[in-house]
There are 2 protein chains.
Amino acid sequence: MNAKIFIVEDEKSIITLIKYNLEKEGYKVSSSENGEEALKEIKESAPDLVLLDWMLPNLSGIEICKQLKKSAQYKSIPIIMLTAKGEEEDKVRGLNVGADDYVTKPFSYPELLARIEALLRRSKPSVAQDVISFEDLKIDRITRRVYRGKKEISLGPTEYNLLDFFIKNPKRVYSREQLLENVWGNDINVESRTVDVHVRRLRQAINIAGSKELIRTVRSAGYSLD
Amino acid sequence: MNAKIFIVEDEKSIITLIKYNLEKEGYKVSSSENGEEALKEIKESAPDLVLLDWMLPNLSGIEICKQLKKSAQYKSIPIIMLTAKGEEEDKVRGLNVGADDYVTKPFSYPELLARIEALLRRSKPSVAQDVISFEDLKIDRITRRVYRGKKEISLGPTEYNLLDFFIKNPKRVYSREQLLENVWGNDINVESRTVDVHVRRLRQAINIAGSKELIRTVRSAGYSLD
DNA sequence: CAATAGTGTTACAGTTTTATTACAAACCTA
DNA sequence: TAGGTTTGTAATAAAACTGTAACACTATTG
C-alpha cells in the first residue's frame, strides 16, 4: 500500500508538482532540496523509493546514488534519476552509478508514475507478510482466512494458493504456465486449461454481489489480480 | 528480457550450446553458419544483439561487423565478437572495426551471458525494461497495459506485439516482411498485406481524438513508429 | 493527365481463446 | 467408512481476434 517516496530536487516547483500528484495517488512523500541533508534524511526515513535530481547543490545526485548503492543496508532502495534533456542519457547510463531507472526532464507525469509503479512492483513484493491486502481484499496467512471488505470468504485450497500467489504481485500478468508452476508446483502434470476453471472458482468466490471484478483476463497472456 | 539475438558461428556445437542456454533465459535466438548469408539475415531480422565469430568461411566476422557498423540503419545493433583465445591483436582489431565487446574462446557461459546482458542494458534499455515509452505512448510489459497520455488503451494480442516491437526501435522503418518475421514469427504463413490491417487497427487504437499520428507509412518500404 | 503501383478501409467468415458447466474420481473429516 | 469437498478434465457455449479479399483512395511516373 501507500509507499513512502523521497524526492531530492532543488527546484521547488518540481517538488510541489510531483508531491501534489503522488499524494493524490496515495503515496507518502517527503523531500529535500539539499543533497547532503537528503542523504541523512533518506537514511533516517527509509523510503521505499527515491527520486533523485541529477544536478544538485552541495552533493550531486550521482554522489547520493553512489553512496546509497554501496551501502548494504540501503542499496535495495530503488532510485529513479531525474536528468535534464541535454545531459545525454547514454553518458548517464554509462557512468553506471547504479540507479534503477532514469527519467529525462521535462517528463510527463504519467510516465514518471508508471516508472515509479514499475519499480515498486519489482522491489516490494509482499512475500513475507502475514497479512496482505489488495484493494478491499485481505488475506491472513496465519489464520488462513480471506476477506472481501468485512465479509469473510471461504476458499478451497487451490483457490487460496492461487489468490495468495496473485496478491504477492498484484497487477502483474501471469501465464497459465507460470501459474501452474508457482501454484501447483513444478513437476505436477496438469492441463493448462485447468487454470481457467480455478480462476473462475476464485472469481466466483471473491466477487460479492455488486463488487468490482478483481481478476483480469489478458487474452493470449494470462491473468492478473487487478 | 525477450530480446532477439543472432549468432554467426561456423561450429554447430557452439551454436547449439549457446542457443539452448539463451533460449532458457528467454531470448529469441536465430543463427547462421555462413557469413554472407548471415549479413542478409541480420538485416532482415533486426536482432537486438549479434554474436559474431571472428573466423568464418566466406565473409569474415570482421567484415560483417564493418558492414553493419558503417550502415546508419544497423550500426546501433550491439555486436559481441567471439575470438580465439588470447589474441590481443584480434581484440584491438575487433574493437577497431566497431565491435562493442568481445569474448575469447573458450568462454564460460556465465561470462557470455553477463556481457550480453550488460550490453543490452547499456545500448538498448528498451529491450529489457518493464516500462517503455515513446512520446506520450507508454507500454508496461508486466501489467501488459498500454497508455496514450493518461488514457489506457486496449489492444488485441497482435496489435500489442506489434507496438511492443515498434517501440523497441522507434523511428526505424520496418518492411512488412520484417514485421511478419518479428511479430508473427518466422515460420508462419501470412499475407504481407495483413500487416496493413493490423497497422490500421493499431493506429485506430492509439490515435485518441486530436492526437498526433504516431505510425508513419513509408511508401514502398514499410512502417515506423515516429 | 492517365496509368500504375502502393496503401487505406471495411466487412466478414473462420479460427482461436476464454468462460461455463457438469461430472467422475480423489480426497478429507468426523 | 459415509458424507461432503475439492479436483482435474472434457464438452459446449460465448466472446474476441485474425486473415483475406474486395474496393477506395493516394502518390508516383512518364
Side-chain angles (χ1 to χ4, degrees), chain A residues 144-146 152-166 173-207 209 211-226, chain B residues 144-146 152-166 173-207 209 211-226:
Chain A
R144 242 183 131 84
R145 284 176 196 276
V146 175
E152 182 173 353
I153 281 164
S154 146
L155 294 180
T158 307
E159 280 71 59
Y160 177 89
N161 291 334
L162 189 58
L163 177 59
D164 185 282
F165 179 69
F166 270 133
V173 175
Y174 292 101
S175 69
R176 296 186 172 69
E177 284 65 34
Q178 285 175 308
L179 292 170
L180 281 176
E181 190 177 323
N182 287 285
V183 177
W184 276 255
N186 221 331
D187 44 345
I188 215 89
N189 194 32
V190 171
E191 287 290 318
S192 85
R193 288 265 134 226
T194 298
V195 174
D196 296 28
V197 177
H198 284 279
V199 164
R200 153 127 168 95
R201 286 168 183 159
L202 178 56
R203 273 176 167 155
Q204 208 160 34
I206 66 179
N207 282 16
S211 63
K212 194 169 113 191
E213 173 68 62
L214 286 179
I215 296 180
R216 176 166 77 114
T217 301
V218 182
R219 198 161 227 263
S220 88
Y223 299 96
S224 71
L225 182 66
D226 204 325
Chain B
R144 251 184 122 87
R145 286 181 190 274
V146 175
E152 180 172 356
I153 282 164
S154 151
L155 295 179
T158 306
E159 281 71 59
Y160 178 91
N161 292 335
L162 190 58
L163 176 60
D164 186 285
F165 179 69
F166 270 132
V173 177
Y174 293 100
S175 69
R176 296 184 173 68
E177 284 66 34
Q178 285 177 312
L179 292 171
L180 281 177
E181 185 179 330
N182 286 285
V183 176
W184 275 255
N186 224 328
D187 43 345
I188 215 91
N189 193 32
V190 171
E191 287 291 318
S192 84
R193 288 302 309 278
T194 297
V195 174
D196 295 29
V197 177
H198 284 279
V199 164
R200 149 116 170 107
R201 285 169 183 159
L202 179 56
R203 274 175 167 156
Q204 204 162 35
I206 66 179
N207 283 15
S211 63
K212 194 169 112 190
E213 173 67 61
L214 286 179
I215 296 180
R216 181 164 70 106
T217 302
V218 182
R219 196 161 226 264
S220 83
Y223 299 96
S224 72
L225 184 65
D226 204 325

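Only this structure's heavy atoms are used, side chains among them; waters, hydrogens and symmetry mates stay out.
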query: Taking the six-membered ring for Trp, are B/His198 and B/Trp184 parallel (under 30°), tilted (30 to 60°) or perpendicular (over 60°)?
result: perpendicular
- prompt: If we only count heavy atoms from C-beta on, is the A/Phe166 to A/Leu179 side-chain gap below 4.5 Å?
  reply: yes
field: Whole-Å distance separating the CG atom of B/Leu162 from the C1' atom of D/dG19
entry: 14 Å
message: Looking at B/Trp184, I'd like to know whether one of its side-chain N or O atoms comes within less than 4.0 Å of OP1 or OP2 on D/dG19.
response: yes
message: Looking at B/Ser220, I'd like to know whether one of its side-chain N or O atoms comes within less than 4.0 Å of OP1 or OP2 on C/dG6.
response: no
- request: With heavy atoms under 4.0 Å as the rule, sort A/Tyr223 into base, sugar-phosphate or nothing.
  value: sugar-phosphate
task: Nearest whole angstrom, please: distance from the P of C/dT7 to the CD of B/Gln204.
output: 19 Å
field: 4.5 Å side-chain heavy-atom contact, A/Ile188 and A/Leu180
entry: no
query: Contact class for B/Glu159 (heavy atom, under 4.0 Å): base, sugar-phosphate, or nothing?
result: sugar-phosphate
query: Just to confirm, is there a sub-4.0 Å distance from OP1 or OP2 of D/dC17 to any side-chain nitrogen or oxygen of B/Thr158?
result: no
field: Contact summary for A/Ser224 and A/Val173, nearest pair of heavy atoms
entry: CB-CA, 3.8 Å
query: How long is the line joining CD1 of B/Ile188 and P of D/dC17, in whole Å?
result: 18 Å
message: Please determine whether any donor N or O and acceptor N or O are separated by less than 3.5 Å between the side chain of B/Arg193 and the base of C/dG8.
response: yes
- request: For C/dT18, take OP1 and OP2 only and decide whether either is under 4.0 Å from a side-chain N or O of A/Thr217.
  value: no
query: Does the side chain of B/Tyr223 come within less than 4.5 Å of B/Val195's, by heavy atoms?
result: yes
message: Over all strands shown, is A/Val195 touching base, sugar-phosphate only, or nothing at heavy-atom distances under 4.0 angstrom?
response: nothing
- request: Starting from P on C/dG8, measure out to CG on B/Asn207 and report it in whole angstrom.
  value: 12 Å
message: Base of C/dT17, side chain of A/Arg219 - is there a donor-acceptor contact under 3.5 Å?
response: yes
- prompt: If you take atom types as modelled and just measure distance, does the side chain of B/Arg201 reach the base of D/dG19 with a donor-acceptor pair under 3.5 Å?
  reply: yes
- request: Please state how far atom CZ in B/Arg200 lies from atom C1' in C/dA11, giving the value in whole angstrom units.
  value: 12 Å
field: Nearest-angstrom distance from the residue atom CG of A/Asp196 to P of C/dT17
entry: 12 Å
query: When you match A/Arg176 and A/Val197 each to their closest nucleotide on DNA chain C, which lands nearer the 5' end?
result: A/Arg176
query: Rounded to whole angstroms, how far apart are CZ on A/Arg203 and C1' on C/dT21?
result: 16 Å
field: Given D/dT9, C/dG8, D/dT7, the nucleotide with the shortest approach to the side chain of A/Glu191
entry: D/dT9
task: Take atom CG of A/Asn189 and atom C1' of D/dT7, then tell me their distance rounded to the nearest Å.
output: 14 Å
